[in-house]
Amino acid sequence: MAMPRAPPQAAVPGGGAGAAAGGVTMRMFHGDVFLGEAEVFPMKQGAEGSLPFPSNEIRISHLSPTSERCPPLAILQTIAPFSVRCKLQAKLMPPHPSLHRLYLTCFNEYKSAVVVVGDEELHLVAMPSKVEKVPCFWCCSVRSGIYAASVGMLNLRCLAIVFDLDETLIVANTMKSFEDRIEMLSRRMDIEDDPVRIAGMSAEIKRYIEDRELLKEFIDTDTVTDNGRIVGTQKEEVLPISGGQERVLRPVIRLPERNAILTRINPEVRDTSVFVKLRPAWEDLRSYLTAKGRKRFEVYVCTMAERDYALEMWRLLDPEANLISSHNLAERVVCVKSGSKKCLQNVFKDKGCHPKMAMVIDDRLQVWDEKDQPRVHVVPAYTPYYAPQAEMANAVPVLCVARNVACNVRGGFFREFDENLLRKVFELMYENELLDLPYAPDVGDYLVCEDTNFAPNNKDVAPIPEGMSGAEVGKRLNGLAYPRDQKQIPSSTRLSDDDGVALRGIPGGTNIQSNGGSLATTPSLFVTVLQEIGRLCESRVEFRSTVSSGKNMQFSVEVLFSNEKIGIGIGKTRDEAQILAAEKALQNLESNYLSFMAPVAGVLNKDVNKPPGSGNGFLEDITLSEDISMEEPSGSTLKEQDHSKALDRLSSVISLIRELCLEDQHVVFRDQVRDSGSALNGEYHFQAELGGQILGRGIGLNKDFAKLQAAEEALKTLKTTTDPQIKKHLRPMQQLNFPLYPTQR
């Protein structure tokens with residue numbers, strides 16, 4: 001439901017303070033229907049204040065789609081910030097009936113009246129006014145088509161996500177590419193003296209040979225022998241992406257235990273067979289994107305691979321077309337010429353989505369246009385042959401980290417949209433100025449760039465490219481065989497999605513890994529483990545950052561776990577501050593928060609000083625056994641069952657508090673003792689806060705009893721308060737029909 005709007009009133013003659021003096025009278029039409037005359041006031045003076053309407057008439061072509069919860073000005077400020085060109089108001093009093101009806105329709109149904117000028121749309125937004133009852137509008141400009149695409153996404157709280165393919169989600173090889181890589185590694189071994197590196201390359205060759213033999217068997221017999229079990233092909237239908245395309249059935253073998261798929265790009269030509277490695281945890285990421293049928297992201301693909309190859313690789317990743325429907329496949333899979341820059345504006349072709357509402361998952365940052373790089377989440381390149389254990393070396397798999405990042409980006413974007421932009425837009429009047437418009441969120445604001453690269457030592461040898469190039473696939477699709485005496489591709493050439501980018505291990509390249517089979521440096525382990533703990537506890541993890549105004553310009557990051565501050569970090573960069581804050585938060589979690597969550601989510605190892613990297617990094621989902629009990633503070637005479645009842649009661653009180661508060665407004669419990677892991681004189685002190693206002697305090701021999709006392713006092717305060725600073729966070733009282741306190745159990 002959208003926030004109720006103030007009833008429309010009128011415009012001040014002269015266009016208000018925000019418009020330049022002196023209006024121009026223009027005739028208004030809806031199609032060929034005359035609506036009346038309006039006086040138009042440019043927002044700026046001089047050359048910049050020229051009016052956008054040709055022939056000095058305003059001819060409306062259509063009304064925008066109805067918005068269910070977002071007023072048009074909020075949408076326009078998101079996709080085209082501060083694009084108000086002019087103001088206009090009806091000249092006659094009373095206004096022409098047709099113009100009055102148009103105004104009321106736009107105002108009440110969250111529509112805008114659209115004037116099309118070339119490739120630009122001018123949206124007339126109905127605005128309330130402070131005085132006379134005259135229809136008045138703000139006129140905003142935006143690229144043609146992008147408003148209609150954004151309405152549905154913002155109403156559904158949906159963003160866009162763009163995937164790269166090769167070495168981000170998959171690695172694919174043909175017989176030829178397998179043989180090239182085996183030969184290249186053999187040559188390196190011949191000139192290598194270090195026995196450790198020789199052993200590493202030998203193991204890598206063995207992995208290539210094993211998969212090559214499976215691919216050869218698939219080519220020869222349409223079967224593979226996997227761990228003594230013979231697996232045959234399944235015919236998978238390729239849905240046509242255009243009306244004239246013939247029905248195609250491809251032979252496919254899926255080996256989920258190996259994260260591998262064998263397919264044949266051209267079913268009639270066995271030499272087009274491909275062995276595809278899928279990145280682990282892809283199913284987790286895909287499930288998040290499609291969970292419960294709720295669309296969280298519109299999905300796109302942007303790759304430098306050949307088109308038919310890209311379409312088939314995506315079909316293998318999304319066989320049921322849940323992420324991209326067959327109807328949208330042709331425009332959603334975008335292939336960029338090798339050596340060109342990827343660009344979100346080209347991905348969306350100016351209409352599908354605004355770049356500010358999109359994030360990218362890619363293993364390369366520099367292949368993207370500079371203005372889009374803040375919206376890229378960079379993942380380590382997928383290297384299943386060179387470093388097969390790298391994916392599982394992290395506490396959280398790479399694509400699970402990407403899932404958590406996507407979740408946090410979406411949450412941060414729409415929290416800013418709802419709590420700041422939407423609320424302030426509802427307060428704007430026709431007389432406001434351009435600078436009164438609120439800040440609009442950008443996906444790039446919520447992506448913390450983590451360095452997934454590290455410099456190898458001087459003795460490390462760069463891994464060879466693991467996937468075939470799009471050019472090779474193109475020749476295969478055309479039935480062209482590769483001559484056996486083809487010139488060997490030099491190892492400094494990248495043979496994957498991102499041709500023209502420096503090879504890993506070459507200065508300026510990225511993602512060098514040791515032959516030991518694991519990443520020497522990973523994205524912040526503390527951040528990813530903390531996010532995973534929040535997911536398992538069904539609790540929101542937030543990072544809030546600020547920059548100090550002092551000369552040092554240090555960054556400060558706070559960690560909130562279900563709105564409770566559990567860590568803070570200060571560093572010279574935002575990344576450094578975030579990592580320090582996450583590390584501190586993990587150290588404080590058990591004593592500061594998990595005693596409350598323990599009956600639901602399990603217990604962490606009691607050694608809170610033990611670094612997360614020494615274990616698996618997850619909050620284990622375990623059942624408390626008979627020999628494991630929750631520790632009570634020394635001196636406590638309460639029995640364990642009383643503790644359990646207190647926890648149940650605390651949960652009930654918090655639920656009632658949430659009923660009182662507006663959506664996304666939560667009471668925060670703060671430990672008043674500086675060292676949150678210890679009690680003061682055997683007692684624990686907590687205070688409950690809402691919007692910086694203290695609602696209640698509690699003291700107890702146990703944290704949960706102290707929280708319960710603070711929560712009950714806070715509930716009573718919320719029910720009886722007359723403080724406007726507190727009441728602004730509460731729902732209207734007539735909507736509430738429950739007792740002041742929960743009943744005793």
Side-chain angles (χ1 to χ4, degrees), residues 1-12 15-16 18-19 26-41 43 52-53 57-80 83-117 120-142 144-152 154-155 421-422 424-432 437:
M1 291 291 293
M3 186 181 294
R5 305 181 71 180
Q9 293 181 353
V12 171
M26 295 189 183
R27 290 161 57 87
M28 290 185 67
F29 297 86
H30 189 175
D32 294 327
V33 178
F34 178 67
L35 300 178
E37 291 186 338
E39 197 165 6
V40 183
F41 302 90
M43 292 298 292
F53 304 107
E57 69 175 20
I58 303 168
R59 192 169 293 271
I60 298 167
S61 66
H62 63 279
L63 299 184
S64 69
T66 301
S67 174
E68 297 177 1
R69 60 198 298 181
C70 306
L73 187 59
I75 299 170
L76 289 162
Q77 179 65 1
T78 301
I79 61 178
S83 62
V84 183
R85 300 282 299 276
C86 59
K87 298 181 179 183
L88 56 121
Q89 63 187 61
K91 189 171 183 180
L92 298 179
M93 184 64 187
H96 193 287
S98 297
L99 179 57
H100 187 66
R101 284 194 299 270
L102 173 73
Y103 173 78
L104 291 178
T105 297
C106 291
F107 189 91
N108 293 325
E109 298 180 15
Y110 285 172
K111 295 181 177 180
S112 62
V114 183
V115 179
V116 178
V117 181
E120 182 183 35
E121 291 178 353
L122 303 174
H123 287 255
L124 306 184
V125 180
M127 297 292 293
S129 182
K130 297 178 180 178
V131 286
E132 301 174 14
K133 295 182 178 180
V134 175
C136 46
F137 302 83
W138 280 12
C139 174
C140 304
S141 63
V142 66
S144 178
I146 192 141
Y147 182 93
S150 302
V151 169
L154 290 172
N155 280 315
L421 176 67
L422 207 55
K424 291 183 179 178
V425 162
F426 278 116
E427 298 171 358
L428 290 175
M429 308 292 284
Y430 175 73
E431 291 76 20
N432 280 101
L437 283 165

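What you see is a predicted model, and the numbers here were worked out from it, not measured in a lab.
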Chemist: Measure across Tyr430 and Trp138 and return the closest heavy-atom pair with its distance rounded to 0.1 Å.
Modeler: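 Minimum heavy-atom contact is O-NE1, 3.2 Å.
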Chemist: Heavy-atom distance under 4.5 Å between the side chains of Leu102 and Leu124, does that happen here?
Modeler: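 No, their side chains stay 4.5 Å or more apart.
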Chemist: Hey, does Glu37 have a side-chain heavy atom less than 4.5 Å from the side chain of Leu99?
Modeler: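 A side-chain contact under 4.5 Å is absent here.
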Chemist: Considering non-hydrogen atoms only, spot the tightest contact between Met429 and Asn432 and give its length.
Modeler: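 Minimum heavy-atom separation between Met429 and Asn432: N-OD1, 2.6 Å.
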Chemist: Can you establish whether the number of heavy atoms outside His30 located under 6.0 Å from its atom NE2 is more than 12?
Modeler: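 Yes - once you tally the heavy atoms of other residues, nucleotides and ligands closer than 6.0 Å, there are more than 12.
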Chemist: Run Lys91 and Val134 through side-chain contact (heavy atoms from CB on, under 4.5 Å) and show every step you take.
Modeler: CA-CA 8 Å; Lys91 189 171 183 180; Val134 175; over 6 Å; no
Chemist: Taking C-beta and beyond as the side chain, do His96 and Leu35 meet within less than 4.5 Å on heavy atoms?
Modeler: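 A side-chain contact under 4.5 Å is absent here.
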Chemist: What heavy-atom pair brings Thr78 and Ala74 nearest, and what distance separates the two atoms?
Modeler: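 Result for this residue pair: OG1-O, 2.8 Å.
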Chemist: May I ask you to test the Asn155-Ser67 pair for a side-chain heavy-atom distance under 4.5 Å?
Modeler: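 Asn155 reaches Ser67 side chain to side chain.
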Chemist: If you apply the rule side-chain contact (heavy atoms from CB on, under 4.5 Å), what do you find for Gln77 with Lys424, and how did you get there?
Modeler: CA-CA 11 Å; Gln77 179 65 1; Lys424 291 183 179 178; over 6 Å; no
Chemist: Below 4.5 Å, heavy atoms only, C-beta onward: do Leu437 and Leu73 meet side chain to side chain?
Modeler: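 Contact flag for Leu437/Leu73 side chains = yes.
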Chemist: Testing the basics here: between Arg59 and Val115, what is the closest heavy-atom pair and its distance to 0.1 Å?
Modeler: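 Looking at all heavy atoms of both residues, the shortest contact is O-CG1, 3.5 Å.
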Chemist: Where do Leu422 and Cys70 come nearest, in terms of heavy atoms and distance?
Modeler: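 In this case the closest contact between Leu422 and Cys70 is CD1-CA, 4.4 Å.
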Chemist: For Phe53 and Leu88, which heavy atoms make the closest approach, and how far apart are they?
Modeler: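 That would be CZ-CD2, 4.3 Å.
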Chemist: Taking side chain as C-beta onward, heavy atoms only, is Pro72 less than 4.5 Å from Tyr147?
Modeler: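 They are in side-chain contact.
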